[in-house]
Number of protein chains: 2
Amino acid sequence: MEKPLSPRSAAKRAAMLDAAQRCFLESGYASTSVDEVATRAGVSKATIYAHFASKDDLFGAIICRRCDDQAEGLSSLTLPDSSEARTILTAVAQRLMALFLAPEVMGIYRIVIAEAPRHPELAKTWYEAGPLRGKQRLCEVFDDMKRRGMLDFVDTRRAVDAFISMLRGECFHRVMIDLPPNPHFTVEATIETAVDFALKAFAPSQG
Amino acid sequence: MEKPLSPRSAAKRAAMLDAAQRCFLESGYASTSVDEVATRAGVSKATIYAHFASKDDLFGAIICRRCDDQAEGLSSLTLPDSSEARTILTAVAQRLMALFLAPEVMGIYRIVIAEAPRHPELAKTWYEAGPLRGKQRLCEVFDDMKRRGMLDFVDTRRAVDAFISMLRGECFHRVMIDLPPNPHFTVEATIETAVDFALKAFAPSQG
DNA sequence: CACAAACTAAACTAACCAGTTTAGTTTGTG
DNA sequence: CACAAACTAAACTGGTTAGTTTAGTTTGTG
C-alpha cells in the first residue's frame with residue numbers, strides 16, 4: 001500500500017507539507033493560496049498538483065501527517081514508576097500541558113475547530129488519532145492507579161475526562177485566543193490546581 | 001455618544017447584522033462574501049458600506065452585538081436559594097452547559113478561535129464581555145457558598161475555573177468539532193460528574 | 001409638495017485564486 | 001549517452017472578491 005517514493009520526491013513532498021502547514025496555521029484555510037504554498041516550499045505550482053489532487057487534499061494530508069506524529073509521540077510516553085498518586089498525576093499533567101500548548105499542536109487545534117463544519121471527516125480523523133487515543137492511554141494509567149489503591153472513582157473515562165478538562169482552563173484558553181497570559185493562571189498553577197482537586201475527588205476511602 | 005438612528009435605518013442595520021452573522025457562522029470569515037450578506041439581508045451592497053467601513057468592521061460589529069447580548073443575559077441570571085451545595089452547583093452547571101452548547105454561542109466561539117490570530121482585539125473584547133464576566137459572576141456565587149459553609153477552597157478563581165472547565169469536556173468538545181454525540185458523555189452525565197467531583201474537591205472540613 | 005437623507009440596481013476597478021496547460025529543463029538510471 | 005520521470009517558469013481559463021461609483025428611486029419630515 002505504501003508508495004516507494006524516490007528520495008528527491010519525498011524531500012519535495014515534505015517541503016510542500018511544511019510550507020502548507022505554516023501557511024494554513026498563519027492565514028487559515030480559505031485565505032491560504034496554493035501559489036503562496038508553492039513559493040514558500042520552493043516548488044512550482046504544477047508540482048503541488050502532481051502530488052496532491054486539490055487544495056482540500058493538501059489540507060487533508062497535513063492533518064493526517066499530524067495524526068501520525070501524534071500517535072508516535074503517544075506510544076513513547078513514559079511515566080515515573082512512583083507509588084505517590086500526586087507524583088504520577090503531576091507528571092501526566094505536565095506532559096499534557098506541554099502538548100496542548102505547543103504552538104504547532106495549538107495551531108492545528110484552532111484550524112480543526114474552524115474547519116470542522118466544512119471538513120467533518122478530517123475533524124473525525126484528527127480527533128480519533130489525537131485526543132481519543134490520548135484519553136484511552138490515560139484510562140489505562142488511571143485504572144492501574146485504582147488497582148494499586150492510589151485513586152478511587154466509579155467511571156474511569158469520566159474521571160479522565162474531568163482531569164484533562166481541568167487542564168484546559170483559563171491558561172489554555174488565553175493561549176488559544178491569543179490573549180496575554182494571566183499571572184494568576186500560570187501553567188504551574190493550573191497543573192497544581194488540577195492535581196489537588198483530582199486527589200481530593202478521587203481519594204480512596206480509608207479502611 | 002449614541003447615534004439617534006432612524007427606525008428604518010435601525011431595522012436595515014439589524015437585518016444586515018443578522019444576515020452577516022448567519023453567513024460568517026456558516027462559511028467562516030474569509031469565505032463569506034459581502035455580496036452574499038447583502039443578498040441575504042435584502043439590502044444593496046452600497047448600503048452595507050454606508051453602515052460599515054469594511055468587511056472587517058462588519059465582523060467586529062457582530063462580535064460586539066453578541067457581547068452586549070451576553071452581558072445582558074448574565075446579569076439576569078438567577079439561582080435557586082437553596083442550602084444544598086449540590087442543588088446550587090447543579091443549577092449553575094445546567095445554565096452554563098445550555099449556554100455553551102447553544103448553536104449561536106458555539107458558532108461565535110468557533111469563529112473567535114479561528115480568527116483570534118488575525119483579530120486579537122476582537123478576541124479580547126469577546127473574552128472580557130463573555131467568559132470573563134461569567135467567571136466573575138460565578139466567583140461571587142462560590143464566595144457566598146464558602147461564607148455559608150457549603151464549600152471550601154483556597155482560591156476562588158481557580159476553583160471556579162476548574163469547575164467550569166470540567167463542563168467543557170468530551171461532550172462539549174464533540175459538539176464543537178461536529179462529531180456525533182457519545183452516549184457515555186451526555187450533557188446530564190457531564191453535569192453530574194462535574195458536580196460530584198466539585199463537591200468532593202471543595203468539601204468543607206468537618207468540625 | 002418639496003427637500004434631503006437613505007436607499008436601490010448595476011456596472012466597474014483592480015486584484016486574487018484554483019486548477020490546467022505548454023514547452024522546456026533537470027535528474028537519476030541503465 | 002539515452003531515456004523517462006520529475007521538475008520548472010510562465011501563461012492562461014474562468015471565476016470570485018472587496019470596495020467604489022453612478023444615476024435614479026423611495027421615504028420621512030417640515
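To find a chain, count down the sequence lines: A is the first, B the second, and so on, and within it residues start at 1. These numbers were taken from a predicted model, which means no experiment stands behind them.
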Of all the choices, [options], which nucleotide is nearest to the side chain of [X] once you look at every atom?
{"X": "A/Lys55", "options": "D/dG19, C/dG19, C/dT8", "result": "C/dG19"}
{"X": "B/Val43", "options": "C/dT8, C/dA18, D/dT17", "result": "C/dT8"}
{"X": "B/Tyr49", "options": "D/dA9, C/dT20, D/dG19", "result": "D/dG19"}

May I ask you to evaluate whether [X] reaches the phosphate of [N], defined as a side-chain N or O under 4.0 Å from OP1 or OP2?
{"X": "B/His51", "N": "C/dC7", "result": "yes"}
{"X": "A/Lys12", "N": "C/dT26", "result": "no"}
{"X": "B/Ser9", "N": "C/dC7", "result": "yes"}
{"X": "A/Thr47", "N": "D/dT8", "result": "yes"}
{"X": "A/Thr32", "N": "C/dA18", "result": "no"}

Watson-Crick or G-U wobble partner of [N], both distances under 3.5 Å:
{"N": "D/dT25", "result": "C/dA6"}
{"N": "C/dA15", "result": "D/dT16"}
{"N": "C/dC1", "result": "D/dG30"}

What integer distance in Å separates [X]:[atom1] from [N]:[atom2]?
{"X": "B/Arg13", "N": "C/dC7", "atom1": "CZ", "atom2": "C1'", "answer": "16 Å"}
{"X": "B/Ile48", "N": "C/dA6", "atom1": "CD1", "atom2": "P", "answer": "17 Å"}
{"X": "B/Asp56", "N": "D/dT17", "atom1": "CG", "atom2": "C1'", "answer": "15 Å"}
{"X": "A/Glu36", "N": "C/dC17", "atom1": "CD", "atom2": "P", "answer": "8 Å"}
{"X": "B/Met16", "N": "D/dG19", "atom1": "CE", "atom2": "C1'", "answer": "16 Å"}
{"X": "A/Phe52", "N": "D/dC7", "atom1": "CZ", "atom2": "C1'", "answer": "15 Å"}
{"X": "B/Lys45", "N": "C/dC12", "atom1": "NZ", "atom2": "C1'", "answer": "10 Å"}

| message | Need one value for B/Ser33: base, sugar-phosphate or nothing, where a base atom within 4.0 Å counts as base even if backbone is also close, heavy atoms only. | response |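 The answer is sugar-phosphate, as B/Ser33 gets under 4.0 Å only of primed atoms, P, OP1 or OP2.
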Does the pair [X]/[Y] count as a salt bridge with the N-to-O cut at 4.0 Å?
{"X": "A/Arg147", "Y": "A/Asp144", "value": "yes"}
{"X": "A/Arg118", "Y": "A/Glu115", "value": "yes"}
{"X": "A/Arg158", "Y": "A/Asp161", "value": "no"}

| 5'-most contact on DNA chain C: A/Tyr29 or A/Ala46, nearest heavy atom basis? |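 Here A/Tyr29 is the residue nearer the 5' end.
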| task | Would you please say whether a donor-acceptor pair under 3.5 Å links the side chains of B/Asp57 and B/His51? | result |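 Judged by distance alone, the side chains do not pair up.
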| request: Scan side-chain atoms only and decide if B/Thr47 and B/Ser44 contain a donor-acceptor pair under the 3.5 Å cut-off. | output: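 Per modelled atom types, B/Thr47 and B/Ser44 side chains form a pair under 3.5 Å.
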